[in-house]
Amino acid sequence: MHVLTELIRNDMKPALGVTEPGAIAFAVSTARKHIQGTVQHVSLRLNSGMFKNAFTCGIPGSSKVGNYYAAALGAVAADPEKGLECLEGITQEDEVMACQMVDDGKITVDMSEISSRIFIEAKVTGENSESSVIIRDAHTNIVEITENSRVVFSKESGEKVQQEGVHPIHRYTLEQMVQYVKTVPIEEIRFIDEAYELNWKLFEEGIGSPRTTYAPYLLARNGGVIISEDEQKTASLLCNAAIEARVIGLSRPAMSITGSGAHGIIATMPLYAAYQVGGYTREALLRATALSYLLCMYIKEYSGKLSAFCGCAIAAGTGMACGLVFLRGGDAEVMTRTIQNMASSITGMICDGGNQGCTMKGIVAVDAAYQSVEMAMQGVYIHSVHGINGKTPEETMRNMGRIAVPGMVGTEKTIVEMLGEKQRS
């Protein structure tokens with residue numbers, strides 16, 4: 001199996017709701033397994049990205065949002081064996097119990113540091129015992145478990161990198177990734193179909209829910225039909241009804257990429273619209289999706305998993321745009337122009353957490369991608385001498401990531417300060 005195939009396969013993971021509340025519930029529920037008796041208190045420490053992303057995020061199966069309720073539901077109901085789908089099947093009774101814990105002051109949440117590096121420390125106190133779980137670098141990557149201050153599990157926390165800290169994806173050029181998606185045996189990437197199965201069901205959940213507001217608007221804008229002759233409007237509908245369903249907490253998982261369901265949705269659903277409207281083959285769709293995923297990963301590994309930078313629009317949107325170029329028969333040169341158009345337009349879009357605003361950002365990403373592709377196909381693009389564009393597409397994507405880290409560390413601090421003000425008011 002090709003290294004790039006393995007990177008995609010290992011990165012694709014189902015995630016119920018926005019990934020951060022799921023990760024918080026997973027950490028707390030894992031710690032809960034290591035205490036005796038009922039939970040008396042939960043203490044959370046989160047890096048700024050984790051704190052921000054879950055701050056007002058919808059929780060699957062619940063009317064509540066945010067860090068406190070994710071932790072409380074982790075304490076009373078989540079199943080850690082299900083990983084990021086640990087909140088599947090919670091009941092109204094579970095929600096009542098979780099709300100009581102929050103009301104009784106049994107949940108505390110603090111921010112550990114301004115950082116794009118994932119960090120969760122969940123301490124759960126029982127009637128006569130205590131346990132803690134530490135997660136680093138990936139949403140379910142447990143690096144330490146303690147029972148009554150005694151370490152019972154420990155492993156290295158660093159992300160999987162090789163020599164000189166270079167991530168495997170960064171050893172490839174755009175041209176090499178394009179060549180890979182053209183030539184990889186189709187059966188080797190057939191597993192990508194799973195993403196469309198999950199994300200389509202999530203879209204259906206969004207389009208059928210009375211809780212969504214963007215989804216019915218986008219449906220009406222598409223002529224009241226799911227698949228119209230307008231590819232861009234169809235793409236926006238399929239993509240953003242699924243994102244809205246996810247951020248408000250409807251009970252269907254998304255297929256995540258780079259640790260994010262919204263990234264996974266933007267990287268796939270507009271391509272599915274192109275496949276439906278444009279009449280491309282299923283094989284072409286899977287190959288385009290593989291490219292979309294790889295370029296999303298390429299940018300995201302520079303920007304960090306959780307930063308003040310909207311990777312959903314920028315990283316996944318750029319990957320998806322190049323997937324559209326692939327479907328339309330464009331080569332790596334057209335993709336380079338597309339990347340330059342995307343880098344010069346939406347790079348710098350902030351992430352202020354997993355919330356309904358992600359839907360609006362998704363709408364902007366789809367529009368920017370379609371405009372960038374159509375212009376690039378006609379030879380209209382921002383030249384490499386301008387702005388953050390580099391001499392090569394690889395340099396441009398690296399610069400896009402650098403806008404987040406170290407570029408937007410101060411922005412992250414300002415955002416979490418604003419959230420803290422809201423929390424205290």
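Every heavy atom of this structure was used, including side-chain atoms; hydrogens, water molecules and symmetry mates were not.
Applying the salt bridge (charged side-chain N to carboxylate O under 4.0 Å, His left out) criterion to Lys33, with sequence neighbours excluded, gives Glu81. With sequence neighbours excluded, the residues forming a ring pair (Phe, Tyr, Trp, His ring centres under 6.0 Å) with Tyr196 are Tyr272, listed by chain and number. The side-chain hydrogen bond (donor to acceptor under 3.5 Å, both in side chains) search around Glu187 returns Arg190, not counting sequence neighbours. Judged as a salt bridge (charged side-chain N to carboxylate O under 4.0 Å, His left out), and not counting sequence neighbours, the contacts of Arg252 are Glu205.
No hydrogens or angles considered: a donor-acceptor pair under 3.5 Å links the side chains of Tyr370 and Glu231. With 3.5 Å as the limit, one finds a donor-acceptor pair spanning the side chains of Thr91 and Asp94. Ser260 and Thr19 share no side-chain donor-acceptor pair at under 3.5 Å.
With respect to Arg117 and Asp137, a salt bridge is recorded, a charged nitrogen being found less than 4.0 Å from a carboxylate O. Residues Asp367 and Lys233 are not paired through a salt bridge, judged by the lack of any N-O separation under 4.0 Å between the basic side chain and the carboxylate. Residues Glu412 and Lys52 are paired through a salt bridge, judged by an N-O separation under 4.0 Å between the basic side chain and the carboxylate.
Applying the ring-ring contact (aromatic ring centres under 6.0 Å, His included) test to residues at least two apart or on different chains, the pairs with a partner in residues 48-67 are Phe51-Phe55. Pairs engaging residues 371-390 under the side chain to side chain donor-acceptor pair (under 3.5 Å) rule: Ser344-Asn389 [sequence neighbours left out].
Around OH of Tyr217, the count of heavy atoms belonging to other residues, nucleotides or ligands within 6.0 Å does not exceed 12.
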